[in-house]
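Here's the structure, in structure tokens; my notes come after.
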Amino acid sequence: MTVSMCRRLSYVAVLTLAIVAGTATTQSRPNVAAHGMVASPEPLATDVGVAILKAGGNAFDAAAAVQFALAVTYPAAGNIGGGGFMVGLTAVGETFALDFREEAPAASTEDMFVDGDGEMVAGLSTRTHKGVGVPGSVDGMLELVDQYGTLTRADVLAPAIRLARDGFPVSYALAGSLQRNERLRQFASSVEAFGLEGDGPDMGDLLQQPDLAATLEAVARDGRDGFYTGRVADLIVADMQANGGLITHEDLRRYGAEWREPLIFEHAEYQLVTHPVPSSGGMTIAQTLAVLNMPVLERVGYHSAQAISMVTEAQRLAFADRNYWLGDPAFFDVPVTRLLSRDYMEQRRRLLPQNGMAGTSTGVSHGPLESDETTHFTVADRWGNVAAITTTLNSGYGLGAVATGAGFLWNNEMDNFSARPGIPNQYGLLGAEANSVQPGKRPLSSMTPTIVRRFGDFYMTMGSPGGPTIINTVLQIYLNVTVWGMDIQQAIDAPRIHHQWLPDRIDYEPFAISAETRAELERMGYELNERRSIGMAAGIKKTPEGFLAGYADRRGAGTARGY
Ligand code: DON
């Protein structure tokens, strides 16, 4: 493998400080626009989406362009070396789901992350090239543009190529993130790509990524062959072989994004359009909402001890099922219909504690049946098309390693499999057989891109990063709007709470609960844990006048813009 002599980062003084100031603004209220809206975690990528919409592209063209742009400007989670899930709504009311999740290479084995004693080998799935799944983002976005876009792939890739080749001024957020990241520094390819020889780039430095630009150009020219075969595939396989990774030419050739039927369910007067397994968020939210007693929830009031307890107990039950029953449907017969059936939900509801005290996770398991980095962005256009995409490298900057010569960061998505039943992964999630490692299988995910319709019309869309907290973040945004009457900014900014069955504790953000409420929850028997931040959402909601109100979470440096 030859490493290009070209310097990846030039510390060119950027004269146009105005550009930095102009692009790095965050917002405190939703942006409202009539013709189109983009909400993403990074302002330059948001602008790419708006430019595509203004140039006549639809929401799906813009979404693909944002995904490629984020791979350049938001390397912590934007990617072409990872994967994700999308749900879409078209102008004529069609809904669809697109699964571009990574896949286990053919040489994977069920026990590849455990030692002879069955113990997890620390770091194997998160910090080595064995943790890399076959990437899906390139095929997914090309499929999207092919099926639902109106522009060419060259059009949607052009802004990302320009950003990678010409460079862009490093924002305050990116400078801090790159300077702090220790894992990137362990890989020479990453040090070179992001200029991390010293302290790392400062705000305003120009970040150019010529290898990444060349990879994106190959995709623009040759479509999926530009990535999954040919020169880039050769670079990928060489990188894997040099670093003990498993991905082969055959793995790349056989990878294909999957079109799936979205998981759609009704709740009150709303219809939620979510992604089915191997994404677990839709199923888990459907189950949580099904056991929640809505009239009582409304009566006890926002973030009261009773309300928190009710939602927690519902989440406990849903996550217990999630961790046991859910996995890639191509490998495990996930009992979706049964898990969402009226009588099963009734059976689960009977397990809710009736004495006003905390339930326990040891007392709750999956039901018997008879038979901190990912990112979310969203685009809505003037025709009524809506795209919601959650995409990830798994950890922040994934494995931390740039694919040598190809310029993009590797995922460490294999850690989302359960290495062995009963061993938690990096998010503390326990898994079972449904989510064991198998060649060609896609690991279970918590990513939950969601579109909500009301009386048949587009109502809102949202999603978030945050591992398992994604599911409860999306649930809370939905409840904040539909039950507590918040607008999209208030609903996204409101402090969050999280429970995932095990560990059996309620995590909460600062200011989410008062001292009195905390004391009351402790009296009820809950363990509580304050946590700095949960999720980083983006969303769009239709205003009563029919405009599009967009918002990117205060927890990040993103923007929503429209025209
Ligand atoms: O698919 C999943 O559920 C995880 N790979 C998501 C990771 C994530 O959200 C990390 N972000 N903070």
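These numbers were taken from a predicted model, which means no experiment stands behind them. Whatever order the structure lists them in is the order used to number ligands and atoms, beginning at 1.
- Between the side chains of Arg453 and Gln271, at least one donor-acceptor pair of N or O atoms lies under 3.5 Å.
- A donor and an acceptor atom, one from each side chain of Gln490 and Asn480, are nowhere located under 3.5 Å apart.
- Among the atoms of Leu444, none of the N or O lies under 3.5 angstrom from an N or O of ligand 1.
- Heavy-atom contacts of Arg101 reach the following atoms of ligand 1: 1 (O) (cutoff under 4.0 Å).
- Those atoms of ligand 1 that come under 4.0 Å of a heavy atom in Ile470, given as number and element, are 9 (O).
- Short contacts between ligand 1 and Ser446, defined as distances under 4.0 Å to a heavy atom of the residue, involve ligand atoms 1 (O), 2 (C), 3 (O).
- At a cut-off of 3.5 Å, with distance as the only test, a side-chain donor of Trp410 or Asp239 sits close to an acceptor on the other residue.
- An N or O contact shorter than 3.5 Å links Gly466 to ligand 1 by distance.
- Counting heavy atoms closer than 4.0 Å to ligand 1, residue Glu413 contributes side-chain atoms (C-beta onward) but none from N, CA, C or O.
- A side-chain donor-acceptor contact under 3.5 Å links Glu143 and Trp259.
- Not counting sequence neighbours, Ser279 has no partner by the side-chain hydrogen bond (donor to acceptor under 3.5 Å, both in side chains) test.
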